[in-house]
Amino acid sequence: MPIVDSKTGKVRKNYSVEELKEAANLMRGVNLIALCAAGSGHSGGTLSVMDVTAALYLKVANHDPQDPFWDERDRIIWSTGHKAPSLYLGLGIAGYFDVEEVVKLRKLWAPFQGHPHWLKLPGVEASTGSLGQGLSIAVGIALAGKLNNNDYTVYALTGDGEHQEGQIWEAIMEAGDYKFDNLINILDKNRLQIDGWVKDVMDIEPIAEKYRSFKWNVIEIDGHKMEEILQALEEAKSFKGKPTVIIAHTVKGKGVDFMEDVAGWHGKAPSYEQMLSGLEQLGLKDKLDVERLLQKAADYQSQVDKKLAAKQPKFSRDYFWNKAPKMKVQMDPTRRGFGRALAEKGDDERVVCLGADISGSITISQFYEDHPARRGRFLSMGIAEQSGTGVAAGLAKEGKIAVFGTYAVFSAGRNLDQLRTTVCYGNFNVLIAGAHGGVSVGPDGATHQALEDLFQICGLPNMKVVVPCDSIETKKATEYLLFEIKAPKYIRFAREATPIVTREDTPFVFGQANVIRYRGEKENFLDAFQTVLASEYSSEGEDLSIIACGPEVPEAMRAAYILKEDFNIETRVIDMHTLKPLDKETIVKAALDTGVIVTAEEHQVGGFGNLIGAVVSQSPEVYQKGGAIVGMIGVKDRFGESGQPWELIKEFEISGEHIAQMAKKLFDEKKSRR
């Protein structure tokens, strides 16, 4: 049925096949502009699924843009959440909102998040982004439809690489066993994933036969031929007694020659010139007002900038990174330190690395990229975090040094039970990399921003945890964990380039913190500070202490700079890179010496701060001296957002300015008590 008025039952618009083809083409063009304006996103998959999107939202699905929550509507679940722009364009062109609004894609506070969030945008049926989960949601909605005697159809959009996740097969088994004939899964089979061809990463074939064995009706089509798409959708909707999977054979990057069948365009946005080239190939260069749409995106960004500037704490001058003539800092992603360590130390035959499709992104692929002889010790596990963790445990049991890495939301969260029962309970020598920690992941949004992993990981017995502050410290920590710690171990690092605040000769001792002191303005930020091992440091009568981990250490250093220059407050900054085991002696000493402690973490507030606070509150020495004031900087019990990394540092109030603001407040409180 075409788009209807749910109150009258009348058709709002009935699209012809030719109009659907034109709509899909137009959506591809707006998609390129939106991705270009965002500067990030997923080009390949959004282009491959666009014909199916047009057919669903403009012709087949029973829905009403004027009443997004109409009870009798069909439900469409995007399990492949990274293809969110296709979803947004489908909703926009169907009439849920002005389709041009999608140029605000991935911008802070916009409803068009990097991965869809159903609470932000009417028409989005479920929040997705962690692959393999959406089909289970669809099964639940199909079951509810049966229980409530509703006549709606549930559509799920999945990807072929996604079928490497175990959960998706649980959902397939459930739907087949319960004969949910009100469920249709559309598999966008574009044959590519981040790490390459699906058949090379982790082959899912024979996919059609597998579905049939799980009691599904199977239809295979050319996913770019509108007539075939429409026929398959109508056939699937009328089929009774089984759920149906429509395997849509598509081309990743369809319509743009330099994107087609290229894995590198999975998670990449076109440049301005590439966008124009793509629009020309689609025949849209003169049909879309590109400059006006880009200006619309730029105007929205200007509003964001103004709002962020207004809420940022103010001091005598702008102390933000590299804004002033002095105190310049170099930036480098902490994840690169992880990759460099694997590249340099990977000759040890005991080391075996396991990739989970995002190998280049987290830099684990550097283990073998320039060392082809090691290729046999790198196993691609595909998109399968839970099994990958178990495999790592098996390798460790037989004497290997197993390294398994993915985004921290998956490596610490999705496989938490495997870490608990298989790795930690068995006390196996497995190094888990938790990449992309914190909100500074940026435009991918909440589903890919790890903000809870320290709660999850630090609670596991036998687990050792390190959160290094920059790429140099990350390299040192990785090397140490690889060869000096024979136990479960977790290293957390960020995605975005962050300040380099250590040197090769800066001390790194596992389990012992460093003390950092500001010594006065210099040309280079790093030269303005002195770092010593905490056990070798003697009090200089500082007014307060800031204890931080990860990229919040540079922010804490910048806070110390602000506090000294604006208020003549002396600050002891502590780089607490090791969270398990925790350097309790240094924490107690800071509490005794300064009486004020501010903790800083790029994480839900308390994941790190509660560990520090517990040491202070349980110290008899601190109690006998009258206690210490403890404040915590971190994300305040909320999920992340899409936005640029440094925007999010400000929006979530974890910048050096916010640390300085809290530190000054607690310092004033200490003075008033005295």
Side-chain angles (χ1 to χ4, degrees), residues 334 338 341 396 401 403 408 411-412 416 419-420 423-434 437 452-469 473-493 502 506-516 531-537 545-550 552-553 556 572-592 597 599-603 606-622 628 630 632 634:
T334 51
F338 175 69
I401 301 173
V403 183
S411 68
L416 183 60
L419 285 174
R420 178 185 182 271
V423 175
C424 290
Y425 190 45
N427 200 29
F428 288 126
N429 185 26
V430 175
L431 173 57
I432 300 291
E452 302 81 25
D453 55 313
L454 295 181
F455 288 131
Q456 296 155 341
I457 291 292
C458 289
L460 295 174
N462 294 330
M463 182 66 82
K464 307 297 184 285
V465 182
V466 177
V467 186
C469 70
E473 193 167 79
T474 301
K475 182 174 181 289
K476 294 175 182 177
T478 302
E479 293 172 354
Y480 189 89
L481 290 172
L482 273 173
F483 302 113
E484 303 301 328
I485 300 295
K486 193 174 181 181
K489 46 215 175 182
Y490 181 79
I491 183 167
R492 181 186 203 249
F493 47 87
T502 67
T506 300
F508 175 83
V509 178
F510 177 80
Q512 291 190 45
N514 286 339
V515 169
I516 305 170
T531 302
V532 299
L533 196 63
S535 59
E536 299 174 1
Y537 180 74
S545 300
I546 302 173
I547 306 179
C549 65
E552 283 297 281
V553 171
R572 181 183 305 181
V573 175
I574 297 172
D575 173 11
M576 190 64 66
H577 49 67
T578 306
L579 274 61
K580 286 189 72 177
L582 199 61
D583 186 352
K584 297 180 180 180
E585 183 178 340
T586 294
I587 298 168
V588 170
K589 192 171 188 300
L592 291 171
I597 289 178
T599 66
E601 58 194 299
E602 194 180 342
H603 187 273
F608 172 70
N610 288 349
L611 301 175
I612 308 302
V615 172
V616 174
S617 65
Q618 294 177 62
S619 167
E621 298 95 333
V622 175
V630 178
M632 299 183 190

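Fair warning: this is a prediction, and the values are worked out from it, not measured in the lab.
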I'd like to check [X] versus [Y] (side-chain heavy atoms, cut-off strictly below 4.5 Å). Are they in contact?
X: Pro488; Y: Val430; value: no
X: Leu482; Y: Leu431; value: yes
X: Lys476; Y: His577; value: no
X: Met463; Y: Cys458; value: no
X: Tyr490; Y: Leu419; value: no
X: Asn610; Y: Met632; value: yes

Quiz item: So, do Phe608 and His603 have ring centers that fall under 6.0 Å from each other?
Solution: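 No, the ring centres sit 6.0 Å or more apart.
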
Interatomic spacing from [atom1] in [X] to [atom2] in [Y] - rounded to 0.5 Å:
X: Ile516; Y: Thr531; atom1: CD1; atom2: OG1; value: 4.5 Å
X: Lys580; Y: Leu454; atom1: NZ; atom2: CG; value: 11.5 Å
X: Thr578; Y: Lys464; atom1: OG1; atom2: NZ; value: 11.5 Å
X: Leu611; Y: Ile587; atom1: CG; atom2: CD1; value: 8.0 Å
X: Arg492; Y: Glu601; atom1: CZ; atom2: CD; value: 8.5 Å
X: Cys469; Y: Met576; atom1: SG; atom2: CE; value: 12.5 Å

Practice problem: Tell me yes or no: between the side chains of Asn429 and Lys489, is some donor less than 3.5 Å from an acceptor? | Solution: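 Present: a donor and an acceptor within the cut-off.
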
Self-check item: Donor-acceptor side-chain pairing of Gln512 and Ser535 below 3.5 angstrom
Solution: yes

How close do [X] and [Y] get, heavy atom to heavy atom, and via which atoms?
X: Ala396; Y: Phe428; value: CB-CB, 3.9 Å
X: Tyr537; Y: Lys589; value: O-NZ, 3.8 Å
X: Gly434; Y: Ser411; value: CA-OG, 3.4 Å
X: Ala477; Y: Val466; value: CB-CG1, 3.7 Å
X: Cys424; Y: Asn462; value: O-ND2, 2.8 Å

Practice problem: Say whether, by atom type as modelled, one donor and one acceptor occur between the side chain of Thr474 and the main chain of Phe338 under 3.5 angstrom. | Solution: no

Self-check item: Any donor-acceptor N/O pair, Asp453 side chain to Ala412 backbone, under 3.5 Å
Solution: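 Side chain of Asp453 to backbone of Ala412: no pair is present.
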
Self-check item: Evaluation steps, side-chain contact (heavy atoms from CB on, under 4.5 Å), between Asn514 and Leu533
Solution: CA-CA 5 Å; Asn514 286 339; Leu533 196 63; 3.5 Å; yes

Self-check item: Residues Glu479 and Lys475 bridged, charged N to O under 4.0 Å
Solution: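 Yes.
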
Quiz item: Just wondering, more than 12 heavy atoms not from Phe483 lying within 6.0 Å of its CZ?
Solution: yes

Self-check item: Non-neighbouring partners of Phe510 that pass ring-ring contact (aromatic ring centres under 6.0 Å, His included), sequence neighbours left out
Solution: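 Tyr480.
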
Quiz item: Can you tell which of Ile491, Thr334, Thr478, Asp575 makes a side chain to side chain contact (heavy atoms under 4.5 Å, CB included) with Pro468?
Solution: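 Of the listed residues Ile491, Thr334, Thr478, Asp575, the side chain to side chain contact (heavy atoms under 4.5 Å, CB included) partner of Pro468 is Ile491.
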
